Amino acid sequence: MSPDVRSDLDAIPAYIPGASVPGAVKLASNETTAGPLPSVATAIAEAAMGANRYPDITAGALVDRLADFLGVPAENVTAGCGSVALCQQLVQAVCAPGDEVIFGWRSFEAYPIIARIAHAVPVAIPNRGDGSLDLDAIAAAVTARTRLIFVCTPNNPTGPAVSRADLGKFLDRIPERVTVALDEAYYEYMRSDDPVNGVAEAMARPNVVSLRTFSKAYGLAGLRVGYLVGPVSLVVPVAKMVVPFSVSSLAQAAAIACLEAGDELRARTDAVVDERSRVRRSLLEMRHEVPDTQANFVWLPLGESATDFDSHCREHLVITRCFAGDGVRVSIGDPEENDQFLAAAREFVTRT
Ligand SMILES: *Cc1c(COP(=O)(O)O)cnc(C)c1O
């Protein structure tokens, strides 16, 4: 006999992380290629000397610094162990068992997992043909059981961002009892005409929160820290679901140092955006379909060829992220890494 565990474990998909292969270029996890800035590395090293002490349980200094940086009151901000932890806290805070969580699909692969973990029911709404979220279909899918909608913008893994005008029309259609989470993990990479600022939306509406992270543009994926901005009526319940002390003292110190190094990090982000245009243009010249991307990756909707393309890249020592039967996501690295990927892609085209 073994102990009783949940009977629905088989229904919870496993999170598949991007692979790491020694000696290969890793373009599988939307990380930044460069390590932390020297000022950030110093802050981490200093925090390490105090590792015998528990961290500040509320991450108060970081929350205050974020509030300043964003121009919002500190009571509207909470920090978490990566924004994925905040996604999970949010589902736990708003859903009772059997309640529905809606999201576009394909989108962030954690959504169906964390919905199930919280005994909620994931509802996946297919994207439009161009890889963008189908906001009309998402709004139409709201039922009496719906408690939460994730809007991932820019959308991982397909790339397009929702415009501010479209988001406004969408939010006007959603009942105020339903929470809308704007997952803005790639916010810093957006260069579109009418960009959404989730923090502004969250401060203006009673049922909207913005989720952002230090893992992507700020380059701290290994330290695990993100934040949520929203109305106090949601921030307090979300903070209540936190695993105590889950934002480490190293993560708190590093995040504060990142905010202080804003300009240097913005320059890095601009370089990624330039490379993103170059990579997408090259792929289009190879006659690949590539949706518009406002993030630090491109999406190749290869369908049944996705696995072949992914294996081909791996043979050329480039690790991409394959969603079998659907497509391949390729993170934007530094120019040499991107060249290595493009060379592999070019050969795939000529082979088929
Ligand atoms: C990477 C990512 C996150 C969060 O990452 P953390 O490392 O947990 O902060 C959240 N949402 C999307 C869509 C992402 O791609």
Side-chain angles (χ1 to χ4, degrees), residues 15-18 26-33 36 59 62 66 77-92 101-115 117 122 124 127 131-133 148-162 180-190 196 198-199 209-230 238 241-243 246-248 250-252 254-255 258-259 265 269 272 276 291 293-299 320-321 323 327-332:
Y15 189 103
I16 302 170
K26 186 184 180 195
L27 300 178
S29 298
N30 301 342
E31 299 147 335
T32 50
T33 301
L62 171 59
L66 279 167
V77 183
T78 190
C81 181
S83 65
V84 69
L86 289 161
C87 289
Q88 184 160 330
Q89 287 169 242
L90 185 58
V91 180
Q92 290 171 322
V101 177
I102 307 181
F103 42 82
W105 199 250
R106 183 170 289 279
S107 188
F108 188 31
E109 72 169 311
Y111 300 149
I113 300 172
I114 60 184
I117 287 173
N127 293 336
S132 63
L133 298 176
L148 178 61
I149 302 172
F150 282 109
V151 173
C152 186
T153 181
N155 188 48
N156 175 11
T158 57
V162 172
V180 178
L182 303 174
D183 186 341
E184 302 187 286
Y186 303 95
Y187 176 77
E188 294 81 3
Y189 296 107
M190 263 194 306
V196 167
V199 169
V209 298
S210 162
L211 292 153
R212 294 191 189 162
T213 180
F214 286 93
S215 295
K216 306 286 159 56
Y218 288 97
L220 295 182
L223 279 184
R224 317 302 308 126
V225 53
Y227 57 97
L228 175 145
V229 179
V238 166
M241 298 297 130
V242 74
V243 173
S246 56
V247 186
S248 76
L250 274 66
Q252 295 183 30
C258 278
L259 292 174
L265 286 164
T269 307
V272 170
R276 165 176 90 193
T293 173
Q294 294 295 323
N296 65 342
F297 52 79
V298 289
W299 171 249
T320 58
R321 179 73 172 85
F323 298 91
V328 173
R329 188 193 68 199
V330 187
S331 308
I332 302 299

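For clarity, every value in this text was computed on a predicted model and none was experimentally measured. Remember, it's 1-based here, ligands and their atoms both numbered in the order they're listed.
Among protein heavy atoms, the minimum distance from atom 2 (C) of ligand 1 is reached at K216 NZ, 2.5 Å. Ranking the protein heavy atoms by distance from atom 11 (N) of ligand 1 puts D183 OD2, 2.7 Å first. The protein heavy-atom contact nearest to atom 4 (C) of ligand 1 is S83 OG, 3.0 Å. Annotation: atom 8 (O) of ligand 1 to nearest protein heavy atom, R224 NH2, 2.7 Å. For atom 9 (O) of ligand 1, the closest non-hydrogen atom of the protein is T213 OG1, 2.5 Å.
The closest donor-acceptor contact from the side chain of R106 to the backbone of T158 lies at 3.5 Å or more, if one exists at all.
Residue Q88 comes nearest to I117 through the heavy atom pair NE2-CG2, 3.7 Å, listed as atom of the first residue, atom of the second, then distance.
For ligand 1, the atoms sitting less than 4.0 Å from at least one non-hydrogen atom of G82 are 6 (P), 8 (O), 9 (O), numbered in the order shown with element in parentheses. The distance from ligand 1 to the heavy atoms of A185 drops below 4.0 Å at these ligand atoms: 2 (C), 3 (C), 10 (C), 11 (N), 12 (C), 14 (C). In summary, the atoms of ligand 1 found under 4.0 Å from a heavy atom of C152, numbered by their order in the structure, are 13 (C).
Atom 15 (O) of ligand 1 has its nearest heavy-atom neighbour, among F108, Y186, F214, in Y186.
Considering only heavy atoms from C-beta on, Y218 comes within 4.5 Å of L259 through its side chain. For the pair Y189/F297, no side-chain contact is recorded, criterion being any heavy-atom separation below 4.5 Å from C-beta on. Contact annotation: the side chain of V229 never approaches that of R212 to less than 4.5 Å [non-hydrogen atoms, C-beta and beyond].
When non-hydrogen atoms are compared, ligand 1 lies under 4.0 Å from the backbone of V84 as well as from its side chain.
Checked against the 6.0 Å centroid criterion, the rings of F108 and F103 do not qualify as a close aromatic pair.
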Under the side chain to side chain donor-acceptor pair (under 3.5 Å) criterion, do N30 and R321 qualify, and how do the steps go? CA-CA 10 Å; N30 301 342; R321 179 73 172 85; over 6 Å; no
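Not a single heavy atom of A221 sits closer than 4.0 Å to an atom of ligand 1. Using a non-hydrogen distance threshold of 4.0 Å, G226 does not register as a contact of ligand 1.
Tested against N155, the residues V162, N127, T293, D183 include a single side-chain contact (heavy atoms from CB on, under 4.5 Å) partner, N127.
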